[in-house]
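Ligands are counted one by one from 1 in listed order, and the atoms in each one are counted from 1 as well.
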Amino acid sequence: MTAALPADPLPHDPMPGCALPGTPLADALPGINACVHCGFCLQACPTYLNLEDENDSPRGRIFLMRSLLEGTVKPDDPSVQQHIDQCLGCRACEPVCPSGVPYGQLLEATRATLRESRPTPFLARLILFVFAREWLLRPAMFFSRILAATPIPTLLSGINGRLGFAMAMLASTGRSIERSRYRPVRHGERGKVAMLRGCVMDGLFNTTNRATERVLAVNGYAMLDAPGQRCCGALHAHAGDLATARSLARRNIAAFERSGAQFIAVNAAGCGAIMKEYGHLLKDDPEWHERAARVGARVRDVSELLAAAGPREGGPLPIRVTYDAPCHLQHAQRVTQAPLTVLAAIPGLELVPLHDSDQCCGSAGIYNLIEPDTSDAVLAPKLANIRATGAPWVATGNAGCLMQIGAGLIRAEISARSIHPVDLLDASYAALGQ
Ligand code: SF4
Ligand code: SF4
């Protein structure tokens, strides 16, 4: 008689004696196990470089994640929460990791698990609540737009603290490049595109959204509408509110499926990063997983679509520009060359190299409002490097980075302005009367 083999504990109990079974963190154990503790990620991590504490490094935070699962630290331990909160989620640790640790996913799983043990800060809860509800978001953005058009944000941008910084962020949104109107002529047939309007992009950078539509049209893309789309859910996922992120993702998946578009253009790197990962976000949802993966595979940063088309050369725009790479474009989406290809299509534009352009600016969604001290510390070297270029324009393709850098420039009294690369290409096409 053959003795019965003991049941394989792996499928249901990946870590024997796991202190947090059934949580998103327990689900993320394979990613935690992938870390070989080599430390290659330390020098890429802005919080480690600024705070000089191993617990504020990727390797240290992964060690804390494992300790939470082993039960040697508790989810309600304030110091554990602080080290996890202080992570920017910039994902600069991912491209340098030889083991392919999916750090961004581990962070979201950890925050979702810790969320059960303590209340989310009031300001974060308020922002996440508003962004998930169209009927609140629209009036909030309308009010912000009205306020941004007055001198009030500029007048209050110098006051200390978060209010002053928030006012400077608003003031920075009204400083785009002047351009004449033109009617885009579509050259060629490169496919049908629907655009994610976005929350902040639609509310405060509407000029950039219109420019995005025009430059895509000039480069042969047929623009379609995708009604019913909502916030992408990135802010919620990064804060650990995965339920709301998934709910918003489902709305977007359905909207973009209905649009019939081949590509989904996104001009905010943080939104594009999560949308490309909708398949992972909904991996445990049998009804939506495949649909999410299919829609995610159609998402492109606007610079990718433009670079694939050339892009068409514009008219002369004799200005000096430096480029800052958004973390969620460079590290999360691994899109590095496309924005530079867009800028290279502008005759007369002089691109000035920016030292440490791949380093985070400290925006990180709502991080700059929740963790202001660390955010300021991360922003300071960025501003010094921008000042050193002497360039009057800083191009960057993410709403958060545009406002974070724009606000920092205003408060540091540096005359440079932040601008989306698409706005520069649009101004170049306007110069051509395209
Ligand atoms: S580089 Fe990757 S494997 Fe090495 S310590 Fe960092 S996360 Fe772990
Ligand atoms: S996401 Fe950014 S801040 Fe967080 S551990 Fe990785 S490199 Fe450091």
(message) Pair His238, His328 - check ring pair (Phe, Tyr, Trp, His ring centres under 6.0 Å), show working.
(response) CA-CA 12 Å; His238 297 164; His328 281 87; 5.3 Å; yes
(request) Find all atoms of ligand 1 within a distance of less than 4.0 Å from any non-hydrogen atom belonging to Arg59, and give their numbers and elements. (result)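 Listed by number with element: 5 (S).
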(message) Within ligand 1, which atoms have a heavy atom of His37 less than 4.0 Å away?
(response) 5 (S), 8 (Fe)
[X] neighbourhood, listing ligand 2 atoms whose heavy-atom distance to it stays under 4.0 Å:
X	value
Gly89	1 (S), 4 (Fe)
Thr47	3 (S), 8 (Fe)
Arg91	1 (S), 2 (Fe)
Leu88	3 (S), 4 (Fe)

(message) Tell me whether atom 2 (Fe) of ligand 1 has Cys35 as a neighbour, meaning an N, O or S atom of it below 2.8 Å.
(response)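 Checking Cys35: none of its N, O or S atoms is under 2.8 Å.
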(message) Salt bridge check, Asp423 against Arg417: does any charged N sit closer than 4.0 Å to a carboxylate O?
(response) no
(message) Do the side chains of Asp324 and Lys382 get close enough for a salt bridge, i.e. N-O under 4.0 angstrom?
(response)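 Yes, charged N to carboxylate O under 4.0 Å.
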(message) Using heavy-atom distances only, which candidate in Cys93, Cys41, Ala364 approaches atom 6 (Fe) of ligand 2 most closely?
(response) Cys93
(message) For atom 2 (Fe) of ligand 1, which of the options Ser99, Cys97, Gly60, Ala34 provides the nearest non-hydrogen atom?
(response)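 Answer by nearest heavy atom: Cys97.
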(request) May I ask you to check whether over 12 heavy atoms, not counting those of Glu290, lie within 6.0 Å of atom CD? (result)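 Not buried by this count: 12 neighbours or fewer within 6.0 Å.
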(message) Tell me whether the count of non-hydrogen atoms from other residues, nucleotides or ligands lying under 6.0 Å of CZ in Arg298 goes above 12.
(response)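 More than 12 heavy atoms, drawn from other residues, nucleotides or ligands, come within 6.0 Å of this atom.
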(message) So, 4.0 Å and heavy atoms of Gly39: is ligand 1 close enough to count as a contact?
(response)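 A heavy atom of Gly39 does come that close to ligand 1.
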(request) Answer yes or no for Pro98: is there a heavy-atom contact with ligand 1 below 4.0 Å? (result)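 The answer is yes, since Pro98 has a heavy atom less than 4.0 Å from ligand 1.
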(message) Side chains of Met201 and Asn267, heavy atoms from C-beta outward: is any pair under 4.5 Å?
(response)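 They are in side-chain contact.
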(request) Quick one: look at Arg61 and ligand 2, take heavy-atom pairs under 4.0 Å, and tell me if it's side chain, backbone, both or neither. (result)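 Side chain only.
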(request) Quick one: look at Tyr48 and ligand 2, take heavy-atom pairs under 4.0 Å, and tell me if it's side chain, backbone, both or neither. (result) neither
(request) Evaluate the criterion side-chain hydrogen bond (donor to acceptor under 3.5 Å, both in side chains) for residue pair Ser303 and Arg300; output intermediate values, then yes/no. (result) CA-CA 8 Å; Ser303 63; Arg300 301 284 186 281; over 6 Å; no
(request) Using distance alone, with no hydrogens and no angle criterion, decide if Asn252 and Gln229 have a side-chain donor and acceptor under 3.5 Å apart. (result)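 Short answer, no.
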(request) For atom 3 (S) of ligand 1, grab the closest protein heavy atom and report residue, atom and distance to one decimal in Å. (result)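 The answer is Val36 N, 3.3 Å.
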(request) Tell me which protein heavy atom sits closest to atom 8 (Fe) of ligand 2, plus the residue, atom name and distance to 0.1 Å. (result) Cys45 SG, 2.3 Å
(request) Just let me know how Ile62 lines up against ligand 1, side chain, backbone, both or neither, with a heavy-atom cut-off below 4.0 Å. (result) side chain
(message) If the cut-off is 2.8 Å, does any N/O/S atom of Cys38 fall short of it from atom 4 (Fe) of ligand 1?
(response) yes
(message) Tell me whether atom 2 (Fe) of ligand 2 has Cys87 as a neighbour, meaning an N, O or S atom of it below 2.8 Å.
(response)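 Cys87 does not place any N, O or S atom closer than 2.8 Å to atom 2 (Fe) of ligand 2.
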(request) Report yes or no: is the cationic atom of Arg133 (NZ for Lys, CZ for Arg) under 6.0 Å from the centre of the six-membered ring of Trp135, at an angle within 45° of the ring normal? (result)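 No, a cation-pi geometry is absent between Arg133 and Trp135.
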(message) Ring of Phe142, cation from Arg145 - is the NZ or CZ under 6.0 Å from the centre and inside 45° of the axis?
(response) no
(request) Measure the spacing between CG of Leu248 and SG of Cys232 and express it to the nearest 0.5 Å. (result) 8.0 Å
